[in-house]
Amino acid sequence: MDKMWSGRFSASASTLLDKFNASIMYDRKLYREDIEGSIAHAAMLTQQGILTNDELTQIVDGLNQVKSEIESGEFEWKISDEDLHMGIEKRLTALIGDAGKKLHTARSRNDQVATDFRRFVLRKNLEIVDALKLLMREIVVVADKHTETLLPGMTHLQHAQPTNFAFHLCAYLSMFKRDIARLEESHKRNNVSPLGCAALAGTPHAIDRDKTAELLGFESVSINCLDTVSDRDFALEILFNISTMMMHISRLSEELVMWSSYEFGFVELSDEYSTGSSIMPQKKNPDVPELLRGKTGRVYGSLMGLLTVMKGLPLAYNKDTQEDKEGVFDSVETAEISLEILKEAIKTMEVKAHNMESACAVGHLSATDLADYLVEKCDIPFREAHFITGRAVAKGEELNVDLSKMDFKYLKEIDERIGEDVMEFLGLRNSMNARTSAGGTATVRTLEQLEYFKKYLNF
Ligand code: ARG
């Protein structure tokens, strides 16, 4: 009968219940948030005349003592204490006596956990933003060197049009910048303090919620207590935002895996970030991008898990909600290590520009340019131009020669309106540089895009 809530019970909880009910073995990760929250709450209660200055001093000293016990590994985390809130409060009371018993005035574990967890998530939003920016910087460094490196642009994984490698990387920079915006917007939206909502309906004590919000660094206080103690949108948002970010990381990873194959040979990952095979001595495997692709799955799982936990819950707090934490902790850790290792893999990889350029020599990448030439120079409607170009491509296939290298006489045979100046249009570099429309691949446009990201990153 050593439970804080044991007053109305006559038999002790079974050890099986203790094991099933407890969150202390994982929510202890929130000990800093919990102790800071308690200190802010106690300071506010003192300001309001609910606690004395002497009691406040005892509480603050006691909590600091608990904190150092936790950090030195001395603190005993007990399943029977259920969660970190009760574990810490119990230890505090053991250390300081009666003043410790007053700390929970005008507070419930419901607003306490909502506060701790929200602060953890808000902090992680910003830390992930910082890590994303570091990754973007490394991508910019690589892109800077390859604004003229031809790369076969693809659709359906088939050669489509010539692009350059920096342009390709700018696509990922665009995705990561949106990921940052989502995390920042979520941070802004959810930056409200739950503390003082108590169990569900507020409290009759004369508390000052603005004060605790200010002490804990929240922008303001939440509007409705019933909503606040049961709301886990902020956790769902970080899970969705990390999922989307991981989806982007996974797409880039897929390309890194393909590009490091013999078939592509566009990049070589450094030895530091590659692995070998236990049987095939020649192998150098891209485990890093493969695992990044794989880990995306577990993050999606956490998002689906929490959405499902929340879907049928009546207002307000329900114990189901305790299932909110592990998936978020795991996803945040996954995101953090993923961002770091991807950054290092990119920083240390070798870009094989020559192979990228040679890969452009096949697949008639400048076919669209021939059609565009017929439209622009010969005033032929695009549909007809498309057909004529198709015949030129067929001729190229027959001769086993890329359109960009085809002898002019064959083109003239296909349509006599084609002039010799067409050969310039069909050159691969010209084709890439011809796409000067806003956001296009031409080196001039790519440089603008890179400039935009550099400015954004204060590079
Ligand atoms: N360990 C709980 C959680 O993580 C804390 C809130 C418990 N509140 C309660 N009334 N049982 O959700």
Side-chain angles (χ1 to χ4, degrees), residues 1-9 12-38 40-41 66 70 75-93 103-124 190 193-203 212 216 222 225-239 302 305-332:
M1 296 291 284
D2 63 344
K3 299 270 193 266
M4 286 187 170
W5 39 253
S6 65
R8 59 106 64 216
F9 290 80
S12 297
S14 80
T15 48
L16 181 59
L17 170 77
D18 278 351
K19 194 174 162 201
F20 184 64
N21 199 31
S23 53
I24 196 162
M25 289 311 170
Y26 53 85
D27 66 16
R28 54 197 253 189
K29 198 179 173 77
L30 300 173
Y31 80 90
R32 262 184 256 114
E33 283 80 5
D34 199 69
I35 288 173
E36 286 162 9
S38 289
H41 182 65
V66 174
I70 293 173
F75 191 89
E76 210 191 322
W77 297 100
K78 288 197 237 106
I79 288 272
S80 57
D81 284 341
E82 197 178 318
D83 56 29
L84 94 153
H85 320 294
M86 291 201 288
I88 290 176
E89 191 186 319
K90 211 161 144 199
R91 178 68 189 135
L92 175 70
T93 304
L103 175 61
H104 213 51
T105 312
R107 184 176 80 168
S108 154
R109 276 184 296 151
N110 296 352
D111 60 339
Q112 201 177 347
V113 72
T115 304
D116 295 355
F117 192 35
R118 187 178 287 256
R119 287 184 69 226
F120 171 85
V121 166
L122 291 175
R123 175 161 61 85
K124 289 299 171 185
N190 294 304
S193 173
L195 202 55
C197 282
L200 72 162
T203 170
T212 41
L216 294 174
S222 69
C225 293
L226 196 60
D227 168 49
T228 309
V229 289
S230 68
D231 167 29
R232 292 294 180 274
D233 300 8
F234 62 94
L236 287 166
E237 285 184 20
I238 200 168
L239 287 173
S302 297
L306 186 55
L307 278 169
T308 311
V309 164
M310 297 305 294
K311 73 176 268 294
L313 299 187
L315 290 173
Y317 178 82
N318 301 271
K319 194 64 178 247
D320 315 42
T321 315
Q322 181 167 285
E323 291 293 312
D324 58 358
K325 285 176 259 316
E326 286 166 291
V328 170
F329 292 160
D330 183 75
S331 300
V332 162

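Order of appearance sets the numbers: ligands from 1, and atoms from 1 within every ligand. Note that this is a predicted model, so its numbers are computed, not measured. For this chain, numbers begin at 1 and follow the sequence in order.
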Closest protein heavy atom (residue, atom, distance) for atom 6 (C) of ligand 1: Y317 OH, 3.4 Å
Give a yes/no verdict on a cation-pi contact between K29 and F329, requiring under 6.0 Å between NZ or CZ and the six-membered ring centre and an angle within 45° of the axis. yes
Looking only at atom types and distance, does a side-chain atom of S14 sit under 3.5 Å from a main-chain N or O of L17, one as donor and one as acceptor? yes
Which residue and atom name correspond to the protein heavy atom nearest atom 1 (N) of ligand 1, and how close is it? Q322 OE1, 2.7 Å
The atoms of ligand 1 lying under 4.0 Å from a heavy atom of S23, numbered in the order shown, are 1 (N)
I need the nearest protein heavy-atom contact for atom 11 (N) of ligand 1: residue, atom name and distance, please. R109 NH2, 3.5 Å
Among N110, L103, T105, which residue meets the side-chain contact (heavy atoms from CB on, under 4.5 Å) test with R107? L103
Between D320 and R232, is there a side-chain N and carboxylate O pair less than 4.0 Å apart? no
Considering only protein heavy atoms, which is closest to atom 4 (O) of ligand 1, and at what distance to one decimal place? K325 NZ, 2.6 Å
State if Q112 counts as touching ligand 1 under the rule of any non-hydrogen atom under 4.0 Å. no
To check your reading of the model: name the closest protein heavy atom to atom 8 (N) of ligand 1, its residue, and the distance in Å. N110 OD1, 2.8 Å
Polar proximity ligand 1 side, H85 side, N/O cut 3.5 Å exclusive: no
When you measure from the side chain of D27 to the backbone of M25, do you find a donor-acceptor pair of N or O atoms at a distance under 3.5 Å? no
Tell me the contacting part of F117 for ligand 1: side chain, backbone, both, or neither, using a 4.0 Å heavy-atom threshold, strictly below. neither
Shortest protein contact, atom 5 (C) of ligand 1 (heavy atom only): D83 OD2, 3.4 Å
Pair D231 + R118: basic N to acidic O under 4.0 Å: yes
Give a yes or no answer on whether the side chain of H41 reaches the backbone of H104 with a donor-acceptor pair at less than 3.5 Å. no
